[in-house]
Amino acid sequence: MSKQQSEIRTLHAAFAEKVDAVLAALEMEGFLPAECPRAGVTVEPPREASHGDLATNAAMVLAKQARANPRDLAARIAEKLAQDPDVEAAEIAGPGFINLHLSDTAWRAELAAIAALGDDYGRSPLGASTTVNVEYVSANPTGPMHMGHCRGAVVGDALAALLEFAGHRVIREYYVNDAGSQVDTLARSAYLRYREASGEDIGAIPEGLYPGDYLIVVGQRLAKELGARFMSEPEAEWLPIFRAEAVTAMMDLIRDDLALLGIHHDVFSSEAALQLAKKPEAAEAWLRKHDLVYDGVLEAPKGKAPPEDWEPVELPLFRSTRFGDDQDRPIRKSDGKWTYFGADLAYHMQKAEQADALIDIWGADHSGTVKRIKAAVAALSQGQGKPIPFDVKLVQMVQLMRGGEPLKMSKRSGNFVTIAEMVEEVGKDVVRFTMLTRKPEAQMEFDFAKVVEASKDNPVFYVQYAHARIHSTLRKGAIEGLVPSADHIDLLGAEELDLIKQAAQFPRIVEAAAQAREPHRLAFYLYELAGALHAYWNLGNDSPGKRFIIAQESDLSGARLFLADQIGQVIRNGLALLGVEAVEEM
RNA sequence: GCGCCCGUAGCUCAGUCGGAUAGAGCACCAGAUUCCUAAUCUGGGGGCCACAGGUUCAAAUCCUGUCGGGCGCACCA
């Protein structure tokens with residue numbers, strides 16, 4: 001944001017400052033105790049439009065500290081606010097709300113702010129340039145991306161964009177689990193395809209190996225590059241080579257799939273590299289020193305019947321119970337290798353070295369491991385001497401449907417819906433927007449038949465159509481020599497002001513969504529803004545005088561086209577954060 | 001048995017660090033519209049916010065318990 005732009009105050013930000021200034025003045029005058037905390041004070045639009053444009057609860061929140069009746073305190077605050085030229089009336093209502101009615105001029109000025117800020121309208125300094133690491137997707141590199149990964153990918157990506165817009169530095173990170181037994185399985189599966197490509201009849205893919213066709217090309221390439229030299233070698237000879245090759249191939253595949261969704265990570269962190277760098281050892285040493293890791297015996301699982309081959313063994317255990325977990329957790333297996341958790345713990349420590357806050361986006365099937373990783377980060381925070389804010393966002397399962405019928409999938413047979421197929425069928429924008437029209441922690445259905453409907457019932461279409469409608473209106477206006485102009489925005493009346501008020505919400509929606517880390521709020525907001533635009537448009541059906549383009553009235557048309565242009569700008573800014581294209585025609 | 005998430009209109013879902021009379025779309029009912037900016041429009045009915053307690057000026061929202069649904073529960077990843 002340029003220096004000049006940073007001096008432009010959006011309306012909601014300006015009023016938050018104004019209320020704050022009034023409270024400061026009352027402190028000076030002795031009506032409020034010095035430096036009284038104002039954390040609970042809000043300035044926001046009331047739900048009920050008749051209550052005015054903005055309302056503040058300041059008097060109710062501060063009444064106790066001021067030892068005053070809320071309504072009396074409200075009167076003092078209201079009196080000062082009423083002196084502001086942008087305030088037409090400041091009324092006291094209910095238990096002590098202060099309702100502000102703003103001047104039309106103040107609202108119209110917001111249009112100019114949108115125009116001046118353009119793509120930066122809504123950008124916020126809230127994050128104060130602190131660095132947030134968002135780790136998302138992190139699917140095992142054993143095959144193409146499928147539906148199970150999709151929601152977390154989209155939510156994580158939109159969240160990253162949102163946080164960036166809200167003033168954070170953001171690291172988009174993918175953790176590559178290239179060190180566990182699953183990648184060994186992958187290597188064996190690729191080896192089999194290599195034998196196949198070298199002319200051997202491999203028959204059916206044995207149970208326990210990955211049967212997917214996507215490994216055929218990998219085998220072919222390896223056969224070409226390596227020749228037949230590994231055909232009769234023992235596994236120990238070829239496994240590391242095939243593992244590395246296969247993982248590389250899978251990550252290329254995954255990157256391509258993610259690109260189809262418009263997702264690009266900044267950092268791909270390898271678990272194998274982490275282990276090679278002895279990061280888990282370093283973490284363990286530190287934890288042992290602080291008595292947070294000890295050698296102990298794992299308890300048998302309670303409640304349900306223990307497995308047949310259950311035997312108590314001594315393992316290095318992390319004291320996660322000290323931080324709220326139900327059980328201490330092993331960081332190494334009995335063969336001395338790291339458990340997933342042991343490596344993940346070190347990985348989080350590594351991430352924390354580069355960031356002020358961490359966010360993980362996980363699938364709901366990992367909910368059982370949230371407590372232990374939170375415990376780990378809490379423990380490691382102590383080592384850093386500062387708390388590391390850490391959030392795990394769980395995204396729930398998506399039930400795929402087609403025309404109301406659930407889609408059957410079996411991962412084992414390799415018969416699952418991939419992201420590539422999905423994007424090809426319904427398009428990136430539909431996938432992304434639909435995934436964001438539900439809060440992530442609630443389960444959702446995704447119906448292939450419904451999401452492609454080009455009708456009002458379909459939120460993606462509805463929002464994109466609003467933008468396209470604006471664009472076509474501007475195009476038509478231009479043909480008639482009518483161009484957007486701020487010269488006569490005083491001609492904009494009540495209906496237009498309603499639209500401006502809706503658009504002016506955008507900056508505070510961005511901040512609220514960023515603070516709550518809930519990108520879906522943007523999607524709902526855009527749906528409402530689009531609704532307001534369509535409603536305004538419909539006025540023109542019955543009253544030609546309410547249309548954007550009125551040939552004989554270039555001043556009025558210019559003002560309305562300016563309005564349309566700015567609404568389009570806000571929709572564009574919002575869709576950009578969601579990674580959905582603001583199309584210019586449908 | 002334990003942990004996490006969810007429970008809001010018939011359906012799918014919103015609901016701002018707790019705020020004023022709980023919202024939207026679909027469906028339903030009634031109207032409008034073939035002149036137009038129609039990928040339709042306007043209006044209406046519909047709620048014990050799962051249930052029961054608690055916290056306070058104020059609870060769908062926070063706490064406790066119960067019921068219902070989903071996910072998970074050894075060294076897997």
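Proteins get letters first, then strands, A, B, ... in listed order; numbering begins at 1 in each. Side chains included, hydrogens not; waters and symmetry mates left out as well; all remaining heavy atoms used.
Only the C1' atoms considered, B:rA22 is 14 Å distant from B:rG46, to the nearest whole Å. Comparing B:rC49 with B:rG7, their C1' atoms sit 10 Å apart, to the nearest whole Å. Nucleotides B:rG47 and B:rA60, compared at atom C1', are 11 Å apart to the nearest Å. Nucleotides B:rA32 and B:rG70 place their P atoms 47 Å apart, quoted to the nearest Å. Nucleotides B:rC4 and B:rU40 have their P atoms positioned 45 Å apart, rounded to a whole Å. Comparing B:rG45 with B:rG68, their C1' atoms sit 29 Å apart, to the nearest whole Å.
At a cut-off of 3.5 angstrom, the base of B:rC75 holds no donor-acceptor pair with the side chain of A:Thr339. A donor and an acceptor atom sit less than 3.5 Å apart, one in the side chain of A:Arg508 and one in the base of B:rU16. With hydrogens and angles ignored, a donor-acceptor pair closer than 3.5 Å exists between the side chain of A:Asn99 and the base of B:rA20.
The side-chain ring of A:His366 is not stacked on the base of B:rG72, judged by centre separation under 5.5 angstrom and plane angle under 30 degrees. Residue side chain A:Phe524 fails the stacking definition with respect to B:rA14, as its ring centre and the base's six-membered ring centre are not both under 5.5 angstrom apart and under 30 degrees in plane angle.
Contact annotation: A:Lys337 side-chain N/O to B:rA77 OP1/OP2 distance is not under 4.0 Å. Checking the phosphate oxygens (OP1, OP2) of B:rA77, a side-chain nitrogen or oxygen of A:Ser181 falls inside 4.0 Å. Considering only side-chain N and O atoms, A:Lys333 lies under 4.0 angstrom from the phosphate OP1 or OP2 of B:rA77. One finds a side-chain N or O of A:Tyr465 lying less than 4.0 angstrom from the OP1 or OP2 phosphate oxygen of B:rA39.
For A:Tyr340, the side-chain atoms get nearest to B:rA77 when compared with the rest of B:rC4, B:rC75, B:rA77. Side chain of A:Arg438, nearest nucleotide from B:rG15, B:rU12, B:rA39: B:rU12. Among B:rG72, B:rC75, B:rG15, the nucleotide with an atom closest to any side-chain atom of A:Leu298 is B:rC75. Comparing atom distances between the A:Glu44 side chain and each of B:rU16, B:rC75, B:rG25 picks out B:rU16 as nearest. Set against B:rA77, B:rC71, B:rG3, the side chain of A:Asp365 has B:rC71 as its closest nucleotide. Listed nucleotides: B:rA38, B:rG15, B:rA77. Nearest to the side chain of A:Thr369: B:rA77. Residue A:Lys439 has its side chain nearest to B:rG15 when only B:rG15, B:rA77, B:rC36 are considered. Taking only side-chain atoms of A:Pro46, from C-beta outward, the nucleotide of B:rA20, B:rA77, B:rC75 with the closest atom is B:rA20. Closest to the side chain of A:Gln182, out of B:rC71, B:rG3, B:rA77, is B:rA77.
Across all non-hydrogen atoms, the minimal contact from A:Thr473 to A:Ile549 is O-CD1, 3.4 Å. The minimum heavy-atom distance linking A:Val154 with A:Arg432 is given by the pair CG1-O, 3.7 Å. The two residues A:Arg332 and A:Glu281 have their closest heavy-atom pair at NH2-CG, 4.2 Å.
A stem is defined here as three or more consecutive Watson-Crick or G-U pairs, each with both distances under 3.5 Å; for RNA chain B these stems are B:1-7 with B:67-73, B:10-13 with B:23-26, B:28-32 with B:40-44, B:50-54 with B:62-66.
The 5' end of RNA chain B is approached more closely, in terms of each residue's nearest nucleotide, by A:Ser367 than by the other of A:Ser367 and A:Gly540. The 5' end of RNA chain B is approached more closely, in terms of each residue's nearest nucleotide, by A:Gly94 than by the other of A:Ala179 and A:Gly94.
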### Message
Show, in sequence, the C-alpha distance, side-chain angles and deciding distance for A:Tyr175 and A:Asp360, and conclude whether the side chain to side chain donor-acceptor pair (under 3.5 Å) test is met.
### Response
CA-CA 10 Å; A:Tyr175 183 43; A:Asp360 287 358; over 6 Å; no
### Task
Begin with the C-alpha distance, continue with both residues' side-chain angles, and end with the deciding distance and a verdict on side chain to side chain contact (heavy atoms under 4.5 Å, CB included) for A:Lys371 and A:Ser320.
CA-CA 8 Å; A:Lys371 279 187 178 177; A:Ser320 49; over 6 Å; no
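With rounding to whole Å, A:Ile92 atom CD1 is found 17 Å from B:rG19 atom C1'. As rounded to whole Å, 17 Å separates atom P of B:rG23 from atom CD of A:Gln505.
A centroid separation of 6.0 Å or more is found between the aromatic rings of A:Tyr525 and A:Tyr527.
Counted by atom type alone, A:Gln182 and A:Thr142 present zero donor-acceptor pairs between their side chains at under 3.5 Å. Side-chain atoms of A:Tyr536 and A:Gln502 include no donor-acceptor pair closer than 3.5 Å.
Of the charged side-chain nitrogens involved, none lies within less than 4.0 Å of a carboxylate oxygen, so that A:Arg329 and A:Asp344 do not count as a salt-bridged pair.
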